[in-house]
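Below is one structure, written out as structure tokens, with a few remarks after it.
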Amino acid sequence: MTDLPDSLAAARPPRNQWWDVWDQFRSHKGALIGSVILALTLFSVLAGPWLWGVDPTFINIRMRDQPPSLAHPLGTDQLGRDMLARLFAGGQITIAVGMTAMALSILLGTLIGVLAGYFRRIDGPLMRLTDLFLALPLLPLLLLMVMLFREPLVGSFGPEGGIFALIVVAIGVTSWMQTARIVRGDVLALKEREFVLASRSIGTPARRMILRHILPNVMSPIMVSATLGVANAVITESALSFLGLGFPPDFPTWGRLLNDGLAYINLSPERVIWPAIALSALVLSINYIGDGLRDALDPRIRGR
Amino acid sequence: MLDARPSPLVEPLVRVRDLKIYFPIHTGLLRRHTGDVKAVDGVSFDIAAGETLGLVGESGCGKSTVGRAVLRLYEPTAGSVRIGGEDIATLSPERLRRKRPEMQMVFQDPQASLNPRMTVAAIIAEPLEEHTDWSRARKQERVHELMDAVGLNRAFANRYPHAFSGGQRQRIGIARALALNPKFIVCDEPIAALDVSIQAQVVNLLEDLQEKLGLTYLFISHDLSMVRHIATRVAVMYLGRIAELSPRDDLYARPLHPYAKALLSAVPEPDPMRESTRRRIILQGDVPSPANPPRGCNFCTRCPEVQPQCHEVKPELAEVLPGRFVACHLVRPLSDFKTAGSTGGTFGAGTVPEPNQQGETR
């Protein structure tokens, strides 16, 4: 038997598994619609400011509280700022915060959950740490973090970057516990399965055991946590903004647009409705994508 | 066994001595160590290269634990397991890892022993990933060879385990065990989860592979007729200890240990004439808890032939006839007459039958 070069070997039958995943994902209607909506949202949020070209922070007091018109398709707010431009600008920050905070929280939660579940020796300390974080009152903690770290971070990363990093870390660090608990439970059950024992009898070291056998099999709960995590992060961000601890007031985010519009809901309900629709569409589409991905990554469901 | 007795210089492939596996019990608020579940309590046996040792016993008697400890999937509490001259029980993790290719395992539940998220090719190639630095093409070639060897269609290589029947899954498990050309395979009830028609296929496959590749098996099962089919020697376990270890034909023709007698009397006869005269020995009571085994012989609480001394002294496994080891006070050892083919040694009263060297052939 001769060693064929890798390029030749790659050309042979074993079809890339991601094609199977894609095939299954395509057959999930909700996930497909979700991806289209997410893509549209992302596109409009990224390309919108460039196409619409109105400064979201430009104040024109004379044009305040305008109903929708050709000049302002979504009307203006109480300071005469264009709502469409603010919606685009707010979307950028909200989606960035939601995704990054979710990624951080999933990363932390999965890491701690897998370590605690797989290595018995550090299970106790890690789970007590998780309990500790669960017991911390969220808002006072966030308040403290913002108070302590706002100035130095703003100093070193600029107002936008500094606050962004602070909020993402604050949300990520305070929302990984549920994921960690769920993942640990699943890992504990998986660890006793015979295929893990089989892998040990082959002599697979712990690192590859986790990557090859444990992680792929806990993907489902991680996916669910991740999709819920986005919604959670977006809501926490708007709560922080509402308390005046998030981005500065002139930075629009969807949460802040909602809070600002709330006072005028009788006068011009569309000021609440548009950001709310945008938020719901984002969260819902991500939930459906997560659902589709979870099914697509599970070979037992594939092909049904 | 007389002619096959190994010379003292040649060590058998597997030599297990006084293996003990205790699982600690922690109780109370402080989780203090208050006792042990003695899953395996001093088991010794040898397996010569190329032979199949059957390990039988009822549920919970420690069969699977022995199988797993032999491959050091459980840390033994005491004792030694020498495979190919190296003591598995004390090897360092890295040395153990390099030793792994020589010894592999086939698991009971083919559904549970295959990762549902890996393709068949990836499952069979896993040992190759771990222990070789072959190119992808060479690994794939080996996977295809193995699939041929166990009778799986090569075209199935990219399917997932859930798409296969139980028998096919077990073949995948066997192919994985064979990937690194092991010398010794522990078969942990490989047929218990399969239906009867498939059991025969898998057992025949195991036998064919043994013949072709010169494998040595430790075949754990509670299916006595299957063990009779495949094993060369059989060990009967009860409550963490070996009650009797005999060549297959001798054991099935005339079991010596009272527990082995009771166990084998439960095998149904296919011949209705003989079945109608079969005398079943029904044991009374339950198996004692392995956390608190009886002081004397483990079997003394249920033995139909129990004597006063059985409650006091634990009988050791001793060679009572050439090649036949029994742990029972009632079956007296062959004393000093081990030479000269002494098939009819001196035996204690009544309980010991005439040795039957013919075995039963059918």
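Letters go in sequence order (proteins before strands), and every chain restarts at 1.
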Practice task
Take atom CG of B/Asp195 as the centre, draw a 6.0 Å sphere, and report whether it contains more than 12 heavy atoms from other residues, nucleotides or ligands.
Solution key: yes
Practice task
Could you tell me whether B/Lys99 atom NZ has more than 12 heavy atoms of other residues or ligands within 6.0 Å of it?
Solution key: yes
Is [X] in contact with chain A via its backbone, its side chain, both, or neither, using a 4.5 Å heavy-atom distance?
| X | answer |
| --- | --- |
| B/Arg159 | neither |
| B/Leu73 | both |
| B/Met118 | side chain |
| B/Glu129 | side chain |

Please list, in residue-number order, every residue in [range] that has a heavy atom less than 4.5 Å from any heavy atom of chain B; write 'none' if there are none.
| range | result |
| --- | --- |
| residues 124-131 of chain A | none |
| residues 95-118 of chain A | none |
| residues 197-213 of chain A | A/Leu197, A/Ala198, A/Ser199, A/Arg200, A/Ser201, A/Ile202, A/Gly203, A/Thr204, A/Pro205, A/Arg208, A/Arg212, A/His213 |

Looking at chain A, which one of [options] has the largest number of heavy-atom pairs inside 4.5 Å, strictly under?
| options | answer |
| --- | --- |
| B/Met103, B/Gln111, B/Met105, B/Arg176 | B/Arg176 |
| B/Leu114, B/Ile123, B/Asp188 | B/Leu114 |
| B/Arg97, B/Arg117, B/Gln104, B/Arg100 | B/Arg117 |

Exercise for the section: For A/Glu192, enumerate each residue passing the salt bridge (charged side-chain N to carboxylate O under 4.0 Å, His left out) test, keeping only those at least two apart in sequence or located in another chain. Expected result: none
Exercise for the section: Output yes when B/Arg68 and A/Glu194 qualify as a salt bridge under the 4.0 Å nitrogen-oxygen rule, no when they do not. Expected result: yes
Practice task
Go through B/Asn115 and A/Phe195 one step at a time and tell me if the side-chain contact (heavy atoms from CB on, under 4.5 Å) criterion holds.
Solution key: CA-CA 6 Å; B/Asn115 186 341; A/Phe195 65 81; 3.9 Å; yes
